[in-house]
Structure formats: structure tokens, C-alpha cells
Amino acid sequence: KAGKTVYFNNPIWPGEVQCLRVESILYQAKSDYQEVLVFESSSYGKVLVLDGIIQLTEKDECAYQEMITHLPLCSIPSPKTVLVVGGGDGGVLREIARHNSVQHIDICEIDRMVIEVSKKFFPELAAGFDDARVCLHVGDAVEFLTHVPEGKYDAIIVDSSDPVGPAQQLVEKPFFETIARALRPGGVLCNMAESMWLHTHIIDDMISICREIFKGSVHYAWTSVPTYPSGVIGFVICSTEGPLVDFLNPINPIENLDGADQHKRELRYYNSEMHKAAFALPSFLKREVSSS
Ligand SMILES: NCCCN[C@H]1CC[C@H](N)CC1
């Protein structure tokens with residue numbers, strides 16, 4: 001409804017609503033998995049919406065894509081093989097490409113429409129698919145991971161939507177077990193982990209599952225994304241047994257990476273100070289997720 005506002009309320013954040021002014025509707029269709037909407041907003045550029053939930057906007061996607069990618073990749077000396085679960089918009093792929101040590105990137109996205117829509121309306125993100133190291137698998141990541149050889153990946157990034165609908169299985173224990181099996185010793189997982197203001201029960205569950213499965217360290221980190229509910233989103237980041245990973249002090253700082261900024265698009269959000277700050281938690285959360 002051009003010139004009108006669009007309202008975003010959802011049972012997973014009851015009692016509150018966000019709204020954005022719509023300049024024009026650019027795309028609206030149902031895929032095999034969800035309803036896909038793209039619109040031009042007045043203040044955040046183009047917006048991608050899946051089943052009525054904002055996935056990204058041109059203005060603030062950098063905070064999420066850069067942090068979910070560089071928090072893990074800058075925490076290990078030389079990431080070579082990386083798996084992205086979800087991430088069909090290509091933004092995480094764009095960020096991984098900054099790491100010259102990376103030789104192979106698998107991405108498993110369930111909904112082909114998300115990929116096609118991103119290529120058409122979000123070229124700044126879909127550019128991630130152009131990298132020669134990327135190998136695209138369209139399908140269910142739960143299924144995909146059962147065929148992955150043990151210890152294949154240095155890092156796995158789960159860039160999922162909310163755990164309702166297609167992404168429901170991605171917060172359950174069996175899925176984390178297949179992730180741990182697919183990581184090499186000392187490998188790292190960075191998993192979208194919702195908002196400290198809205199979803200402490202989801203965060204609690206994820207942290208306790210990861211504490212059981214990942215015998216390295218388990219932390220919660222967070223970033224500001226104004227167009228996500230409550231304006232913040234977090235990540236559970238953990239390492240398997242093996243070389244100790246000190247997530248709080250990046251061993252592979254992005255400032256030392258040649259190519260990180262020569263990339264045709266410079267970093268807009270992530271840097272080593274933001275990396276360290278991401279692990280500073282408010283007291284109410286610290287008590288809940290006191291990182292091991
Ligand atoms: N790759 C785009 C971000 C997808 N991540 C989710 C979007 C919806 C949010 N409520 C939770 C994160």
C-alpha cells in the first residue's frame with residue numbers, strides 16, 4: 001500500500017508492533033516455504049520480509065551480516081572451509097569473501113525464491129554468490145548436514161530466520177549435534193540467537209544445549225539492528241573441543257586482513273573494538289548466560 005505504513009507484529013514478540021512507511025511494493029509472492037515481500041521503505045532503503053517478519057533492510061543489514069560472520073572468522077587463525085546455513089540473501093557470503101584464507105564456502109538455503117529475489121532486488125548482498133569459492137546447495141540443512149564428512153568445516157554460520165516455520169528445527173538439539181560433528185576440533189559455530197529483551201528462554205535453551213555439545217567455550221554476543229524487534233539481536237558463538245578459542249580477543253583481527261577493505265564495499269559496522277564490545281553483557285543477561 002504505497003505511501004502507507006506497514007505494521008509488523010508477531011506472536012513471537014507479543015504486545016509490540018514495529019512499523020515502516022512504504023514508498024512502493026516491489027515484490028510479493030508465496031514460495032514453497034513462506035511468503036516473500038520486498039518493498040521500498042522511506043527510511044531504510046529496500047526491505048526483505050518473510051512471513052511478515054523483517055529479515056533485512058539495506059540500511060542496517062551491515063550490522064548483522066558483518067557481526068555474524070567476523071565474530072567467528074576473526075576468532076580462529078586461518079579459516080579455510082566455511083558452511084553457511086540459511087543466508088540465502090547472500091550477505092554473509094559477501095562478508096566471508098573478505099577472508100583470503102578461506103578456500104571453500106558451502107551454503108545451504110532451503111528457499112530458492114529468497115536467492116532469486118535477493119539477486120533481483122539486493123545486488124549488494126547477492127554479490128556474495130559471485131565468489132568462485134561458493135558452492136550453493138538448495139535444500140534442508142538438517143538433511144544436508146547428515147551427508148557432511150566429520151570434521152569438514154573450520155566454521156559454521158547459522159544465519160536463520162526465527163524458529164517458527166522453516167527454521168523451527170534449527171534450534172533443536174539434534175541439529176546442534178550434526179553441527180558439532182561437521183566441525184573440526186577447535187572449529188567454531190556462530191548461530192543467530194534472538195534478542196536479549198525478548199527471547200531469554202530461547203537463548204537459555206540454546207546456551208544449555210551448546211554447553212552440553214560444544215566442549216570448547218560458549219558465549220552470547222550481540223549487536224544493534226534497529227529494524228529487528230527490540231533493536232538488538234544476538235548470537236551464540238561456540239567452539240568444539242580442541243585448540244582453545246578466545247572469542248573475546250580476535251586472534252585474526254580484521255584490520256590485519258589485506259583484502260578486507262580493498263573489497264569493493266568497505267566494512268560499515270564490524271571492527272575489533274566492536275568485536276570485543278559485543279561480548280559485554282548487561283547484568284540480567286550475564287547471570288543467565290555466564291559464559292564458560
Ligand atoms: N540473513 C538475514 C537475517 C536473517 N536473520 C533473522 C531475521 C529475522 C530476525 N527476527 C531474526 C534474525
Side-chain angles (χ1 to χ4, degrees), residues 7-14 16-18 20 31 33-38 44-72 82-96 105 107-119 121-129 134 136 141 156-168 170-171 190-203 206 220-237 268-270:
Y7 293 90
F8 297 96
N9 59 350
N10 195 293
I12 53 178
W13 41 85
E16 59 185 275
V17 168
Q18 297 160 282
L20 286 177
S31 76
Y33 299 94
Q34 52 209 336
E35 189 192 299
V36 181
L37 165 70
V38 180
Y44 282 89
K46 291 194 195 74
V47 184
L48 173 65
V49 183
L50 298 180
D51 277 351
I53 298 178
I54 295 174
Q55 299 297 304
L56 62 96
T57 79
E58 286 180 311
K59 179 172 180 178
D60 64 6
E61 56 91 3
C62 57
Y64 177 92
Q65 320 280 5
E66 292 180 21
M67 292 293 273
I68 199 171
T69 303
H70 302 306
L71 285 176
V82 183
L83 167 64
V84 181
V85 171
D89 49 70
V92 169
L93 296 176
R94 175 194 71 206
E95 293 306 317
I96 296 171
I105 308 165
I107 175 168
C108 186
E109 163 61 54
I110 199 163
D111 192 343
R112 188 179 293 281
M113 186 182 278
V114 171
I115 300 167
E116 299 317 320
V117 162
S118 187
K119 287 181 176 177
F121 297 103
F122 298 92
E124 283 272 299
L125 287 97
F129 285 102
V134 172
L136 169 62
I156 298 179
I157 295 167
V158 180
D159 172 20
S160 60
S161 45
D162 296 285
V164 286
Q168 171 64 41
L170 303 186
V171 292
C190 187
N191 204 105
M192 187 282 288
E194 299 295 5
S195 161
M196 64 175 77
W197 292 110
L198 301 172
H199 305 119
T200 44
H201 56 292
I202 295 179
I203 296 170
M206 283 178 72
Y220 183 83
W222 61 284
T223 187
S224 106
V225 183
T227 55
Y228 285 169
S230 80
V232 293
I233 189 101
F235 313 99
V236 166
I237 185 164
R268 294 191 177 159
Y269 192 90
Y270 179 90

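Order of appearance sets the numbers: ligands from 1, and atoms from 1 within every ligand.
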* Are Tyr64 and Phe235 close enough that their ring centers fall under 6.0 Å? -> yes
* **CH2 (Trp222) with more than 12 external heavy atoms under 6.0 Å** => no
* Residue list, salt bridge (charged side-chain N to carboxylate O under 4.0 Å, His left out) with Glu61, at least two apart or on another chain -> Arg94, Arg265
* From CA spacing to verdict: side-chain hydrogen bond (donor to acceptor under 3.5 Å, both in side chains), Tyr228, Ser195 -> CA-CA 9 Å; Tyr228 285 169; Ser195 161; over 6 Å; no
Are any protein N/O atoms closer than 3.5 Å to the N/O atoms of ligand 1? If there are, list each pair with names and the distance to one decimal place.
from	atom 1	to	atom 2	distance (Å)
ligand 1	1 (N)	Asp89	OD2	2.6
ligand 1	1 (N)	Asp159	OD1	3.0
ligand 1	1 (N)	Asp159	OD2	2.7
ligand 1	5 (N)	Tyr64	OH	3.2
ligand 1	5 (N)	Ser160	O	3.0
ligand 1	10 (N)	Asp162	OD1	3.1
ligand 1	10 (N)	Asp162	OD2	2.8

* Does a side-chain heavy-atom distance below 4.5 Å link Asp89 with Phe122? -> no
* Does the side chain of Ile53 reach to within under 4.5 Å of the side chain of Ser161, using non-hydrogen atoms? -> no
